[in-house]
Structure formats: structure tokens, C-alpha cells
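Working notes for the structure below.
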Amino acid sequence: MGDLDKIFDSMSDRSLFKNKQILQTNYSPSNIPHREKEIEQIASILAPSLLGEKPSNLFIYGVTGTGKTLSVQHVTNELMKRVKDNKILRIEYINCKLKKVADTEYRILAELIKKLGGSVPATGLPTDQVYLRFLEILENSPEKLFILVLDEVDQAVKKISDNFLYNFTRLNSELSDIQISLVGISNDVRFLEGIDPRVKSSLSEEELVFPPYNALQLQEILRKRADEAFKSKCVSEGVIAKCAAFAAREHGDARRALDLLRVAAEIAEREASSHIKIKHIDNANNKIERDKILAIIETAPKQFQLMLFSIFKLIKQNKGPIFSGDIYNYYQNLCKKVKVDILTQRRVSDILAEFDMLGLINATVISKGRQGRTREIKLSIPQNLVDKCEEILIDSLGL
DNA sequence: CGAGATTCATGTGAAGTATACCTTTAGGCTTAA
DNA sequence: AAGCCTAAAGGTATACTTCACATGAATCTCGTA
């Protein structure tokens with residue numbers, strides 16, 4: 001047993017982290033640098049709720065990792081602190097992007113009802129029934145105000161259609177004892193452009209734009225968190241700057257920067273290094289990318305995997321860009337071999353589009369004159385990953 | 001020779017189908033008094 | 001009579017198909033110089 005003690009002890013000695021939690025993406029710091037102005041604005045917009053008056057609907061944009069969610073949560077937390085058990089106000093937060101949780105109108109409502117203490121089945125009820133149930137629960141709750149935060153609404157609206165937002169904004173007219181305010185958060189800056197003007201005017205009574213952080217601001221954020229998260233003096237010079245630079249290149253995504261730092265530290269730890277060095281950042285960058293891709297490939301449905309396999313094989317064979325028609329042919333043969341139903345070209349086309357969205361491939365529609373039109377497809381995952389990916393596919397497809 | 005029409009292989013949108021689940025409802029059966 | 005089970009009716013979501021039309025540059029056609 002003494003031996004184990006020694007191992008574990010040396011482990012904790014070696015650990016670079018004082019508090020790893022702080023670098024986790026869901027950590028909410030008590031102070032949010034460079035967002036003071038925005039937080040103040042959100043606060044002043046939502047402040048009437050403390051007096052039981054309905055605040056304006058608010059709409060917030062900004063690209064990923066600009067602190068939108070964090071700021072809103074910060075303000076709502078503060079609000080709830082002020083309210084205490086006064087029961088005039090209720091705030092719920094829903095992330096519309098979470099697959100299988102809240103990415104359809106039905107599911108959002110279901111999730112909402114669950115949070116309010118009710119329950120609905122995962123499927124089956126007519127949507128208007130779900131609305132009714134939701135209204136009923138709201139009416140029976142003691143609060144006078146309900147603030148609904150919809151994170152990543154753009155995703156939901158893209159999938160559903162904008163009239164579900166309209167439904168929400170109209171809900172107030174059916175409620176007598178309680179009022180609803182919406183706070184929408186969107187990553188897509190052009191989100192409101194393609195939206196029904198009625199919804200637009202009612203939803204964005206107030207608007208707020210979160211600009212991306214620049215490299216300097218990112219550095220400051222990182223440094224602050226690093227100070228709390230790590231034991232002292234284990235971050236080498238230039239590491240923070242490099243993290244910030246990486247993330248600044250990805251349109252100022254602070255979340256990305258923090259991930260980078262955390263993974264880099266994990267790598268350094270595993271290597272039993274006493275410092276986080278610059279090379280660890282590079283490794284971390286690769287690892288994050290790599291893990292993301294592998295996860296996608298591993299969990300993809302069978303048909304998707306067959307498609308991917310076809311793409312990989314063809315790319316290897318051809319050494320150049322390949323075309324959707326070729327992929328379809330290869331895929332058909334593959335299906336016959338594995339005894340799987342063949343999907344239509346139409347569907348395959350959509351699947352390819354999804355791969356493009358996921359960033360696995362890069363597809364461009366081109367016209368080859370008399371040879372018709374196709375998608376020209378290039379792989380956009382690093383070469384050194386392809387073999388590993390193929391391995392996974394062979395494994396999970398049982399080839 | 002060059003402008004305009006053709007053509008090909010596929011992209012893409014809309015609408016429909018199949019499947020898997022869900023609730024509600026009503027009828028028939030069992031159970032216990 | 002109350003309680004329980006089951007099947008039917010009526011909904012939703014998802015993955016996919018069918019149908020029909022849109023694309024856009026290489027190639028063909030044909031009038032013209």
C-alpha cells in the first residue's frame with residue numbers, strides 16, 4: 001500500500017493544477033474582464049424585473065466565445081440573488097443547440113416544462129397540447145415574471161422556423177398572472193436578417209452586440225484564470241500569448257483559448273513536465289482538433305460512416321479532388337458488399353453537405369460543362385489522421 | 001469565328017412515406033366486495 | 001362497480017424517398033464576315 005501512496009502522492013506533487021475547474025468551459029468566474037459595459041447594459045435592461053415589471057425582450061449577438069452566455073448568466077444570477085425567495089421572478093436558461101435535448105420546438109417546450117417541475121413525454125403529444133401544458137404550469141406558478149434565456153436560438157430557428165419565436169412572443173397575451181420576457185442569444189450576426197419582421201420587431205426590442213476579443217484582451221482573460229487555476233510559476237513565458245494568438249485567429253474565441261490552455265496543461269502534466277511550454281500548446285491544438293474529428297467519426301451513423309469510408313478510399317486512390325458521382329458509385333458497391341440498403345443520391349447529397357458543415361470535408365459545387373455539375377470534394381482533416389480514421393471505420397463497420 | 005442554344009450530371013427544394021414512439025379513449029376482461 | 005389491460009385512433013420526430021426543376025460551363029450549331 002505504501003507504494004501506491006507514493007505514486008499518488010507524487011502525482012499530486014506533480015500536478016500543475018491548483019483548481020482545474022476554473023479552466024473548464026462551464027466555469028463561471030465572478031468577474032468577467034472586458035465585458036463590464038455589456039453586463040451593465042444587460043443589467044439595466046433586465047432590472048425592471050426586480051420591481052415586478054416586464055423587461056423588454058433582449059437579443060444578443062456575437063460569435064462563439066465572446067462571453068455572451070457568461071454575461072447573461074452573471075446578470076441573471078445577480079438578479080436571483082436580489083430576489084431571494086421573493087418569488088416574483090423566475091429565470092430559465094435553455095441551450096437550443098443541445099442535440100436531443102432542445103433542438104426542436106417540441107423539445108424546447110418539453111425541456112422547459114421539465115425545468116418548471118412538470119413532465120411531458122419525449123414524443124407523441126400534439127405541439128399545441130404541449131403549449132397548453134406549459135401555459136398551465138406557468139399560470140399556476142407563484143411568480144409574476146418569467147425570463148426565458150434561449151441560447152443559440154439561431155440554431156433552433158434554422159431547424160424549426162421562426163414562428164416558434166413568434167409563438168413565444170405572443171404567449172403573453174394568453175397569460176394573465178405572469179409575463180414572459182425573452183432573451184435570445186445568437187452566434188450568427190446576420191440571424192435577424194432572414195426573419196419574419198413581426199418576430200423581429202417584438203423579439204429585438206433591445207439589441208446588444210458582443211464584439212470579439214482581441215489578442216490582448218484574451219491574454220488578460222487567460223492570465224487571470226491561469227493565476228487561479230495553476231500552482232504558481234508553472235506557466236512558461238509566452239505560453240499565454242501563444243494561446244491568445246491561436247484563439248484570436250479563430251475570431252477571438254475565449255472558450256477556445258481556455259480549452260487550449262487546459263489541454264496543454266494536461267499534456268504537460270502527463271509528460272511530467274514542471275512547466276507548460278509552448279510546444280504543449282501546439283500539441284494541445286492538434287489534440288483538440290483530433291479528438292473532435294475522431295469523436296464525430298466514431299459516433300456517426302452507419303450510413304455516414306460508409307460514406308466517409310468511401311471518401312477516404314477514393315481520396316487515397318486519386319490523390320486529388322474527387323467528385324460526388326464517384327463517391328456515390330463507390331458507396332453503392334460498398335453497401336452491396338456490406339449488405340446495407342443503398343441510400344438515394346438525394347440523401348447522399350445531403351449527407352455530403354453535412355460533412356461539409358462538420359468540417360470533415362470541403363465541398364464546392366462546380367460545373368464541368370458538358371460533364372454536368374458536381375461537388376468537388378477535398379478532405380479537410382489533416383493527412384496524419386486519415387489512417388487512424390480509416391481504422392476506426394473498418395472497426396466499427398466490421399470490414 | 002463567335003453568339004446563342006444544348007446538354008450533361010448533379011444540385012436542390014418541396015412534398016410525401018415509413019418507422020418508431022407517444023397519449024387518449026373506449027371496450028372488454030378480471031377482481032373484490 | 002372499480003380497476004386494469006389492450007387496441008385503435010390520432011399526433012410528432014426522424015431519416016429517407018420521389019418528383020420536379022434549377023444550374024452553369026463545355027460543347028455544338030449555325031449565321032455571318
Side-chain angles (χ1 to χ4, degrees), chain A residues 94-114 116-137 152-153 155-168 194-196 296-311 314-315 318 320-336 338-358 360-378 396-397:
Chain A
I94 286 201
N95 187 331
C96 305
K97 206 177 75 179
L98 294 179
K99 285 231 161 168
K100 312 284 176 195
V101 177
D103 58 353
T104 70
E105 180 173 20
Y106 187 97
R107 284 180 180 160
I108 289 172
L109 281 167
E111 183 66 17
L112 218 43
I113 290 173
K114 212 165 75 190
L116 291 173
S119 78
V120 277
T123 159
L125 246 42
T127 310
D128 48 346
Q129 286 295 312
V130 187
Y131 264 107
L132 285 181
R133 226 184 257 199
F134 174 59
L135 288 176
E136 199 184 300
I137 293 180
E152 326 230 17
V153 240
Q155 299 289 327
V157 169
K158 215 167 21 180
K159 275 206 95 159
I160 309 166
S161 91
D162 47 12
N163 60 21
F164 106 92
L165 280 179
Y166 184 60
N167 288 342
F168 265 113
I195 229 171
D196 189 326
I296 291 172
I297 290 177
E298 243 166 310
T299 60
K302 194 161 200 160
Q303 294 286 3
F304 285 48
Q305 291 187 334
L306 287 166
M307 288 286 302
L308 279 171
F309 189 76
S310 309
I311 294 171
L314 281 173
I315 291 258
N318 291 20
I322 54 173
F323 305 101
S324 40
D326 305 336
I327 297 179
Y328 191 60
N329 290 336
Y330 193 101
Y331 159 81
Q332 277 179 302
N333 288 329
L334 192 61
C335 281
K336 273 181 214 151
V338 201
K339 299 217 165 43
V340 172
D341 289 346
I342 301 170
L343 296 182
T344 25
Q345 220 162 138
R346 181 67 188 81
R347 179 62 185 143
V348 163
S349 178
D350 280 349
I351 293 177
L352 283 176
E354 281 187 51
F355 287 158
D356 195 15
M357 289 279 285
L358 287 170
L360 296 179
I361 62 175
N362 187 312
T364 339
V365 234
I366 54 162
S367 183
K368 291 199 294 176
R370 219 112 207 240
Q371 271 68 258
R373 59 184 353 215
T374 17
R375 278 198 180 93
E376 187 188 68
I377 286 155
K378 290 182 225 142
S396 93
L397 291 171

Checklist outcome for this item: Judged by nearest nucleotide, the residue sitting upstream toward the 5' end of DNA chain B, Gly369(A) or Leu352(A), is Gly369(A)
Next on the checklist: Measure CD1/Ile351(A) against C1'/dG11(B) and give the value in whole Å, please.
Outcome noted: 15 Å
Next on the checklist: Can you tell me if Ser367(A) touches the phosphate of dG24(C), counting only side-chain N or O atoms and a distance under 4.0 Å to OP1 or OP2?
Outcome noted: no
Checklist entry - Does Arg347(A) have a side-chain nitrogen or oxygen under 4.0 Å from the phosphate oxygens OP1 or OP2 of dC16(C)? => result yes
Checklist entry - In whole angstroms, how far is the P atom of dC16(C) from the NZ atom of Lys302(A)? => result 13 Å
Item to check | Gap between atoms OH and P, on Tyr328(A) and dC8(B) respectively (whole Å) | outcome: 20 Å
Item to check | Atom-to-atom span, CD of Gln345(A) to P of dA20(C) - whole angstrom | outcome: 17 Å
Checklist entry - If we only count heavy atoms from C-beta on, is the Phe355(A) to Ile377(A) side-chain gap below 4.5 Å? => result no
Checklist entry - Taking atom types as they are modelled, is there a donor-acceptor pair under 3.5 Å from the base of dT17(C) to the side chain of Arg346(A)? => result no
Checklist entry - Does the side chain of Glu298(A) reach to within under 4.5 Å of the side chain of Ser396(A), using non-hydrogen atoms? => result no
Checklist entry - Atom CD of Glu354(A) to atom P of dA15(C): distance rounded to whole Å? => result 8 Å
Item to check | Separation of dG11(B) P from Ile366(A) CD1 (nearest whole Å) | outcome: 10 Å
Checklist entry - Within this structure, what is the CG-to-P distance between Asp356(A) and dG11(B), rounded to whole angstrom? => result 12 Å
Checklist entry - Can you find a side chain N or O atom of Arg375(A) that sits less than 4.0 Å from OP1 or OP2 on dG11(B)? => result yes
Checklist entry - Looking at the rings of Tyr330(A) and Phe309(A), which for Trp means the six-membered one, are their centres under 6.0 Å apart? => result no
Checklist entry - Base, sugar-phosphate, or nothing: which does Ile342(A) touch, judged by heavy atoms less than 4.0 Å apart? => result sugar-phosphate
Next on the checklist: Output the rounded distance in Å from CD (Glu376(A)) to C1' (dG24(C)).
Outcome noted: 15 Å
Checklist entry - Is the closest side-chain heavy-atom distance between Arg373(A) and Ile366(A) below 4.5 Å? => result no
Checklist entry - Would Lys368(A) count as a cation-pi partner of Phe323(A), with NZ or CZ less than 6.0 Å from the six-membered ring centre and within 45° of the ring normal? => result yes
Checklist entry - Which comes earlier along DNA chain C counting from the 5' end, the contact point of Arg373(A) or that of Lys368(A), where each point is its nearest nucleotide? => result Arg373(A)
Checklist entry - dG24(C) base to Arg370(A) side chain: any donor-acceptor pair below 3.5 Å? => result no
